[in-house]
S.K.: 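What follows is a single structure, and I will ask about it in a moment.
In what follows, chains carry the letters A, B, and so on, assigned in the order in which the sequence lines appear, proteins first and then strands, with residues in each chain numbered from 1.
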Amino acid sequence: MISVLNSALDDISRTMKLRRVWIALAHEDIGDQHRRTTLGPLWLLVNYLAFAGTFVFVFQPIGKDAAGYGAYVAIGLMVWFYLMEIISLSVPLFKREESFIEGTTLPLFVYVMRLTVQSVIRAGYAVVGCIIILLISGPSLTPAWLWSLAGLLLILLTTPALITVFAFLGAFFPDSEFIVGNLMRVGMFFTPVFWVYNGQDAIQRYSYLWNPFSYFLDVARIPILGGEFPSNAFAITGATALVTWTIALLLLGSYRRQVVFLI
Amino acid sequence: MVSIKLDNVSLIYKLHEKLTLSAPDRRLGATGGRIEGSGRKQFVQALDGVGFELKAGDRLGLVGPNGAGKTTLLKVLYGIYEPSGGSVAIEGKVDALFNINIGFRREATGRRNIVLRGLINGWSEAEIEEKMEGIIAFSELGDFIDLPFKAYSQGMAARLAFSVATALDPEILLMDEWIGAGDASFQEKAKKRMDELAEKAGIIVLASHSESLIQSVCTKRLTLKGGRVESLTAVPVKPAEAASASP
């Protein structure tokens with residue numbers, strides 16, 4: 001157990017020393033994805049605003065419930081799109097990096113961090129869009145917003161672990177790319193991204209209470225919309241982060257040398 | 001002192017029964033070697049009892065049929081594959097050229113690719129800056145260096161890959177069948193640089209099916225078959241080279 005953890009930490013430590021590599025590669029990835037387009041990565045902002053605007057326009061409740069719905073959807077979509085992207089892209093990660101893994105001695109965690117940085121850059125455009133909607137929809141700026149920032153940081157800290165776990169899942173179980181992709185698409189409807197849970201006793205209750213993603217959304221959303229510290233959501237998200245990191249370290253330490261034979 | 005010493009090295013890996021809905025026969029690994037066992041317990045014996053020793057100035061040619069273990073052995077030497085048994089002792093800075101396109105981005109310019117490749121090789125920014133013009137000059141890419149990599153022919157890509165790989169004077173250079181992509185003049189230039197590298201007390205290990213390439217570059221030949229060493233012999237010096245070497 002100790003040697004497995006040491007092996008994982010060694011890989012991570014060597015990755016941190018090579019940060020210029022994964023930061024440079026992630027920037028190249030973003031550049032390549034939008035090369036030859038007029039707006040470049042600004043398309044990410046346009047896409048986000050188009051999606052959020054459509055959801056607000058179609059699903060906004062009538063009457064007093066309408067207040068704050070724009071902000072609710074804006075934060076929900078920002079976090080959900082980020083989670084959906086990192087999970088969907090991480091399943092085929094090692095296969096996508098096959099030529100690097102089979103041709104260089106870069107530590108495996110380099111590829112995890114490359115995807116992390118890439119996803120954070122992309123999410124940055126959604127954050128800008130989210131701030132624009134928050135300014136328009138009008139929730140007042142309070143010190144509680146700092147808790148929302150802490151919530152986003154917690155999600156960010158969990159990201160490399162989530163990517164690692166799903167990347168190993170994809171390496172051992174290739175079909176998971178399509179299964180996870182479908183689950184994430186369906187998952188949007190089972191997570192309170194655009195619908196509001198008000199204690200109703202139906203399928204929404206279970207979708208909210210037993211879905212860890214609900215709490216990922218709440219740590220970012222409740223401080224801004226409710227002005228309070230969501231202790232329950234932070235506790236569950238923190239526990240999820242700890243469990244995910246534990247699994248990630250065990251997988252990395254045990255199988256990092258095997259990945260080259262799996263892809 | 002630059003050296004490579006392999007003692008009874010073996011590489012066995014399990015053919016993982018991936019959890020998949022597709023038919024089992026599509027899941028076998030692509031690496032060469034002997035497949036042993038049956039059913040769910042199948043193993044590939046990619047290398048078996050490989051042992052040899054190289055010292056400064058040696059240029060080893062790895063030969064053998066497809067699946068003999070040449071590339072696998074190079075990857076063990078580079079540290080991509082961890083041997084299952086035996087010991088590998090390497091003294092010296094190792095660089096490798098397995099696949100011309102590794103580390104190169106199609107959309108980025110040759111110049112930007114030199115930076116990226118340098119970062120992957122662990123160079124500092126100062127080292128990249130210092131070597132940049134030398135790499136461009138050796139590759140003879142001229143103005144093409146500022147065009148996207150996707151505009152390069154295979155030969156141009158090979159020039160750039162070789163120039164970068166040898167720019168920081170690796171003490172041990174591992175190569176896999178890459179050189180055939182360059183034109184005759186570049187191959188001659190590359191051979192000269194490899195000679196210089198070996199003369200500077202370096203070691204070159206080159207896997208190739210080309211007997212003429214092995215004869216012109218290497219001083220030793222290791223023949224592999226089914227992951228085992230069949231023979232390790234000296235490559236006879238060509239009469240022309242012997243004449244030029246004599247006073």
S.K.: Can you give me the closest heavy-atom contact between A:R257 and B:I80, atom names plus distance?
M.R.: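 Of all heavy-atom pairs spanning A:R257 and B:I80, the closest is NH1-O, 3.8 Å.
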S.K.: Applying the side-chain contact (heavy atoms from CB on, under 4.5 Å) criterion to B:L119, which one of A:I23, A:V21, A:L25 satisfies it?
M.R.: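 Answer after filtering A:I23, A:V21, A:L25: A:V21.
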S.K.: Applying side-chain hydrogen bond (donor to acceptor under 3.5 Å, both in side chains), can you list everything that pairs with B:N8, at least two apart in sequence or on another chain?
M.R.: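 Result, side-chain hydrogen bond (donor to acceptor under 3.5 Å, both in side chains) vs B:N8: none returned.
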S.K.: Tell me which pairs pass salt bridge (Lys or Arg N to Asp or Glu O under 4.0 Å) where either residue lies in residues 153-173 of chain A, with sequence neighbours left out.
M.R.: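 Sorted pair list comes back empty.
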S.K.: Do B:E82 and A:R256 meet the salt-bridge criterion of a basic N to acidic O distance under 4.0 Å?
M.R.: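 A salt bridge is absent here (no side-chain N lies under 4.0 Å from a carboxylate O).
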S.K.: Counting only heavy atoms not in A:Y215 (residues, nucleotides, ligands), do more than 12 fall under 6.0 Å from its OH?
M.R.: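 Yes, enclosed.
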S.K.: Looking at side-chain heavy atoms only, is the closest gap between B:E107 and A:E28 below 4.5 Å?
M.R.: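 Not in contact.
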S.K.: With a 4.5 Å cut-off on side-chain heavy atoms, are B:I120 and A:F100 touching?
M.R.: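 They are in side-chain contact.
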S.K.: Among residues 122-132 of chain B, which residues come closer than 4.5 Å to chain A, judged by heavy atom distances?
M.R.: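 Those residues of residues 122-132 of chain B which have a heavy atom under 4.5 Å from chain A are B:W123, B:S124, B:E125.
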S.K.: Please name the pair of heavy atoms, one in A:T104 and one in B:Y78, separated by the smallest distance, quoted to 0.1 Å.
M.R.: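 Minimum heavy-atom separation between A:T104 and B:Y78: CA-CE2, 4.1 Å.
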S.K.: Pick one of side chain, backbone, both or neither for B:L116, based on which atoms fall under 4.5 Å of a heavy atom in chain A.
M.R.: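 It is the side chain, since no backbone atom gets that close.
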S.K.: What do you reckon, is CG of A:L39 surrounded by more than 12 foreign heavy atoms closer than 6.0 Å?
M.R.: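 Correct, the count exceeds 12.
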S.K.: If you count the non-hydrogen atoms of other residues, nucleotides and ligands that lie under 6.0 Å from CG in A:N182, is the total more than 12?
M.R.: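 Yes, CG of A:N182 has more than 12 neighbouring heavy atoms, counting only those of other groups under 6.0 Å.
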S.K.: Take atom CD in B:E91; do more than 12 heavy atoms of anything else shown fall under 6.0 Å from it?
M.R.: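 No - once you tally the heavy atoms of other residues, nucleotides and ligands closer than 6.0 Å, there are 12 at most.
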S.K.: Could you list which of residues 109-122 of chain A have a heavy atom closer than 4.5 Å to any heavy atom of chain B, in residue-number order?
M.R.: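 Listed by number, the contacting residues are A:R114.
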S.K.: Which bit of B:R112 is near chain A, if near means a heavy-atom gap under 4.5 Å: side chain, backbone, both or neither?
M.R.: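 Contact with chain A is through the side chain of B:R112 alone.
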S.K.: Within the supplied structure, the quantity of interest is the number of heavy atoms (other residues, nucleotides, ligands) at a distance under 6.0 Å from B:F52 CZ; does it exceed 12?
M.R.: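 Atom CZ in B:F52 is packed in, count exceeds 12.
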S.K.: Within a radius of less than 6.0 Å around CH2 of A:W245, do more than 12 heavy atoms belonging to other residues, nucleotides or ligands occur?
M.R.: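 Yes, CH2 of A:W245 has more than 12 neighbouring heavy atoms, counting only those of other groups under 6.0 Å.
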